[in-house]
Amino acid sequence: MNTQATHLDFFEQVYAIVKEIPFGRVTSYGAIAQALGTKKSSRMVGWAMNACHTQPEIPAHRVVNRNGLLTGKMHFSSPTEMEERLVKEGIQVKNDQILHFQKIFWDPSIELQIK
DNA sequence: GACATGACGATTT
DNA sequence: GAAATCGCCATGT
């Protein structure tokens, strides 16, 4: 049937990890990609997030780029919703950038003990 | 099927 | 240390 179910699998993998992100924590696209075993296709993670609108339960605001920069904030209902939501969880955001990013960084490949 | 684009990352200059 | 460049892979035109 789905001879091209490649993206569906990938999307579900990404969603599963993003939903496991604990409160007040964030991760990066590359970290998720690496947890899936394809750290090089970090773009695909971002692409999957683009389709996250099909899954309203996806805390996409907890997923930022490797710089801790809210690169995808513009894809939310409002360009400020991502920032506001992160701050609401106790995450400090300044100039669209997460403060103490490395401190609150949550690596799925480690926390989920994915080898 | 070639060309361009994209919520990225790492490396090199 | 900032800017430029390559890599990677799926999607759209």
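Chain naming here is simple, since letters A, B, ... match the order of the sequence lines and numbering starts at 1 in each.
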Inset, instruction - Looking at every strand, decide which applies to A/N65 at a 4.0 Å heavy-atom threshold: base, sugar-phosphate, or nothing. - result: sugar-phosphate
Inset, instruction - Check whether any side-chain N or O of A/H53 sits under 3.5 Å from a backbone N or O of A/H75 as a donor-acceptor pair, and report yes or no. - result: yes
Legend entry - Donor-acceptor pair, side chain of A/R62 and main chain of A/I21, under 3.5 angstrom: yes
Inset, instruction - Could you tell me the separation between the CG atom of A/L69 and the C1' atom of B/dA7, rounded to a whole number of Å? - result: 11 Å
Legend entry - Nearest to side-chain heavy atoms of A/M44, which nucleotide of B/dA7, B/dG6, B/dG9: B/dG6
Inset, instruction - For A/H75 and B/dT5, give me the distance from atom NE2 to atom P, rounded to whole Å. - result: 16 Å
Legend entry - Atom-pair distance (CG on A/N67; C1' on C/dA2), nearest Å: 12 Å
Legend entry - Residue A/R66, side-chain atoms from C-beta onward, closest of B/dA7, C/dT11, B/dG9: B/dG9
Legend entry - Proximity to the side chain of A/W47 - top-ranked nucleotide from B/dA7, B/dG9, C/dT11: C/dT11
Legend entry - Non-neighbouring partners of A/P22 that pass side chain to side chain contact (heavy atoms under 4.5 Å, CB included), sequence neighbours left out: A/R25, A/W106
Inset, instruction - Let me know the distance between OH of A/Y29 and P of C/dC8, rounded to the nearest Å. - result: 21 Å
Inset, instruction - Specify the separation, in whole Å, of atom CZ of A/F101 and atom P of B/dG9. - result: 8 Å
Legend entry - Out of B/dG9, C/dT11, B/dA7, whichever nucleotide has its closest atom nearest the side chain of A/S42: B/dG9
Legend entry - Whole angstrom value for the distance that separates C1' of C/dC9 from CD1 of A/I32: 17 Å
Legend entry - Proximal nucleotide (of C/dT11, B/dA7, B/dG9) relative to the A/F76 side chain: B/dA7
Inset, instruction - Report yes or no: does A/N95 contribute a side-chain atom to a donor-acceptor pair with the main-chain N or O of A/Q97 at less than 3.5 Å? - result: no
Inset, instruction - Please state how far atom CG in A/L36 lies from atom P in C/dC9, giving the value in whole angstrom units. - result: 13 Å
Inset, instruction - Take the protein atom CD of A/Q97 and the nucleotide atom C1' of B/dA7, then report the distance between them rounded to whole Å. - result: 16 Å
Inset, instruction - State which of C/dC9, C/dT11, B/dA7 makes the closest approach to the side chain of A/S41. - result: C/dC9
Legend entry - Candidate list A/K88, A/E84, A/E89, A/E81, test side-chain hydrogen bond (donor to acceptor under 3.5 Å, both in side chains), partner A/H61, passing option: A/E89
